[in-house]
Engineer: 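Okay, here's the structure, questions in a sec.
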Amino acid sequence: MRILPRSIRTRDTLIAAVLAVLVLGITAVGVDLAVRATTQADLLQEIQVAARRSSGGVRDGSLVTPIPDDTGGRILVQVVGPGGHVLDATPAATGRPPASRVWPPAAMRVRDFVECRGAWPGRECVVVEAIRATTAPDSVVVYAWEPLPSYLVNGLLEVLLGTGVLLLAALAAWITWHVVGRTLGPVEAIRAQLAEISASDLSRRVPQPSGEDEIALLARTANATLDRLERAVGRQRQFASDASHELRTPIAGLRANLEDASMHPEDNDLRAVVDSALRDTDRLESIVTDLLLLARIGTGASAEESIDLAEMTAAEIARRNFALKIGTDLAAGVVVRGVRMQLVRLLGNLLDNAERYADEVISVEVASRDGHALLTVTDDGAGIPVADRERVFERFTRLDTARSRGAGGTGLGLAIAREIAHAHGGTLRIEDRDHGTRFALRLPLHG
């Protein structure tokens, strides 16, 4: 099993180097073949002129001895008889053995080829053209040849190309190493900062580079996530503090009553002690029930369904016995999707709040507005000051003595209602009104 390097920087550098070697190696092979082909073609073109001039002189008897050489000995020419004897040659080729043993047949008077002699490092290769002067059986053969450049024979060209491939591959690897290092530098800084962030200090943020690339977006997303986490932990801590305070009061009252009855049974009315204990127990049960509901809201633990708001509202109003006058305006066909029990609880909390603070009339409306379902619950009570309209949705918030523990509220009703609204993709807010209070719930329409 092959194990790749764990570092992205090392892995990318290795891949870049391998790819560079492959691509540049193929290119080098192509260059080598092209150089050889071009050089041989150029040499062949030069020796063809000398060979065919000498062959023409043999046929018409005008060839002089020795064969004239205007190339300074660069191109060598020989006229060889059928027995392999050199009959004539250029001055530089005089006294040499025949250039080649290749003897062109009558059917193929001209042969072009490369022939090598000797062993490395003294090896020599030449480009040869052999021309049979005539088709007669005893025709002589004219050989013209020129040596290939040494760099094509001793491997120097391949060494140079190979060295170039390795140097360019090393350059590509070096560039990749530095580019990837600079690219991953912010990622390492983000990782190091995240590693130092703990639940006890969520105020720190990762460094955020400028630009709109993926790393900048990653840093922004990480900071946004840390923002949400810090707010959530802050709410959790505040909630735990408030919950412990709210639970401590009924528990303390219950314990005091029971200890007093236990220490002085003859001085206490057992029925009154039991009634007081039951009231404190009911309050504890209400708080715990609301806390559990808050923990479940938005977790997806309950199945969603299509709900007609008008039908649900009419059923909830019919189930209750109101001491006040109830006015309704329920438009049919306003359908939302959600958890029925949670939406019923939301409506119930709004109705409880309106019944507690209304003077005479409660109005409930269901309508469709601007692509949203609208449910409003309005009372004609004293109303809520503008400065406190957001505070009432905070957990365990009570604005006045009317909202005291003696009134029976846990301080969680409106907080639960807003959490349910947000969990269903909607909003719950208090709208402006000359007299009284209007709670407006907006949810996305379904279908």
Side-chain angles (χ1 to χ4, degrees), residues 25-162 164-165:
I26 294 174
T27 303
V29 171
V31 170
D32 182 78
L33 295 176
V35 169
R36 288 181 176 275
T38 302
T39 303
Q40 291 178 14
D42 293 341
L43 294 178
L44 184 60
Q45 185 176 6
E46 293 177 355
I47 65 175
Q48 282 177 344
V49 175
R52 295 180 185 187
R53 181 173 62 238
S54 299
S55 174
V58 170
R59 284 194 300 271
D60 59 19
S62 62
L63 185 63
V64 298
T65 300
I67 301 174
D69 180 12
D70 56 2
T71 64
R74 183 167 50 86
I75 298 177
L76 292 83
V77 180
Q78 287 180 338
V79 178
V80 181
H85 301 288
V86 178
L87 304 178
D88 203 354
T90 58
T94 302
R96 291 194 178 195
S100 176
R101 294 182 180 181
V102 176
W103 197 266
M108 185 182 297
R109 293 180 54 235
V110 180
R111 293 284 301 275
D112 298 321
F113 55 91
V114 176
E115 189 166 283
C116 296
R117 306 184 186 92
W120 193 86
R123 187 176 179 82
E124 180 186 32
C125 293
V126 294
V127 180
V128 183
E129 179 166 275
I131 302 179
R132 190 183 182 95
T134 66
T135 58
D138 58 350
S139 173
V140 299
V141 173
V142 176
Y143 293 96
W145 73 94
E146 184 175 354
L148 281 172
S150 59
Y151 62 85
L152 296 181
V153 179
N154 57 17
L156 179 60
L157 176 62
E158 287 72 18
V159 171
L160 293 176
L161 290 175
V165 167

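In this text, all values refer to a predicted model and were calculated from it rather than measured experimentally.
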Engineer: Take a 6.0 Å sphere around CZ of Arg101 and say whether it holds more than 12 heavy atoms from other residues, nucleotides or ligands.
Structural biologist: no
Engineer: I need the Leu157 CG to Leu152 CG distance, nearest 0.5 Å.
Structural biologist: 6.0 Å
Engineer: Given side chains that start at C-beta, do those of Val141 and Ser55 come closer than 4.5 Å, heavy atoms only?
Structural biologist: no
Engineer: When you compare the side chain of His85 with that of Val80, does any pair of heavy atoms fall below 4.5 Å?
Structural biologist: no
Engineer: Ignoring hydrogens, what is the shortest heavy-atom contact between Ile67 and Ser54? Give both atom names and the distance.
Structural biologist: CG2-OG, 3.8 Å
Engineer: Would you mind writing out the side-chain donor-acceptor pairs for residues 89-96 within the sub-3.5 Å range, not counting sequence neighbours?
Structural biologist:
unit_1 : atom_1 : unit_2 : atom_2 : d
Thr90  : OG1    : Val77  : N      : 3.3
Thr94  : OG1    : Thr90  : O      : 2.9

Engineer: Answer whether the closest heavy-atom distance between the side chains of Gln78 and Leu87 falls below 4.5 Å.
Structural biologist: no
Engineer: Between CZ of Arg123 and OG of Ser150, what distance do you get to the nearest 0.5 Å?
Structural biologist: 14.0 Å
Engineer: If you round to the nearest 0.5 Å, how far is CG of Leu44 from CG of Asp42?
Structural biologist: 9.5 Å
Engineer: Evaluate the side-chain proximity of Leu148 to Val126: yes if any heavy-atom separation is below 4.5 Å, no if none is.
Structural biologist: no
Engineer: For the residue pair Cys125 and Glu115, establish whether any side-chain heavy-atom pair is separated by less than 4.5 Å.
Structural biologist: no
Engineer: Which pair of non-hydrogen atoms, one from Val142 and one from Ala51, has the smallest distance, and what is that distance?
Structural biologist: CG1-O, 3.8 Å
Engineer: If you define the side chain from C-beta out and look only at heavy atoms, does anything of Thr134 sit under 4.5 Å from Arg59?
Structural biologist: yes
Engineer: Any salt bridge linking Arg111 with Glu129? Criterion: basic side-chain nitrogen under 4.0 Å from a carboxylate oxygen.
Structural biologist: no
Engineer: Could you report the tightest heavy-atom contact between Gly81 and Val140, atom names first, then the distance?
Structural biologist: CA-CG1, 4.1 Å
Engineer: For the side chain of Ser139 and the backbone of Thr135, is there at least one donor-acceptor N/O pair under 3.5 Å apart?
Structural biologist: no
Engineer: Let me confirm one number: the CD1-CG distance from Ile47 to Asp112, rounded to the nearest 0.5 Å.
Structural biologist: 6.5 Å
Engineer: Tell me, do Val127 and Trp145 make a side-chain contact under 4.5 Å, heavy atoms counted?
Structural biologist: no
Engineer: Would you call Glu158 and Arg36 a salt bridge, using N to O less than 4.0 angstrom?
Structural biologist: yes
Engineer: What pair of heavy atoms forms the shortest contact from Asp69 to Thr71, and how long is it?
Structural biologist: OD1-OG1, 2.6 Å
Engineer: Please find the pair of heavy atoms, one from Pro66 and one from Asp88, that lie closest to each other, and give the distance.
Structural biologist: CA-OD1, 3.7 Å
Engineer: With a 4.5 Å cut-off on side-chain heavy atoms, are Val79 and Val86 touching?
Structural biologist: no
Engineer: Out of Val128, Ile75, Leu76, which one pairs with Glu146 under the side-chain contact (heavy atoms from CB on, under 4.5 Å) rule?
Structural biologist: Ile75
Engineer: Taking Arg109 for its side chain and Arg132 for its backbone only, find out whether a donor-acceptor pair lies under 3.5 Å.
Structural biologist: yes
Engineer: So which atom in Phe113 and which in Ala130 form the shortest heavy-atom distance, rounded to 0.1 Å?
Structural biologist: CE2-CB, 4.3 Å
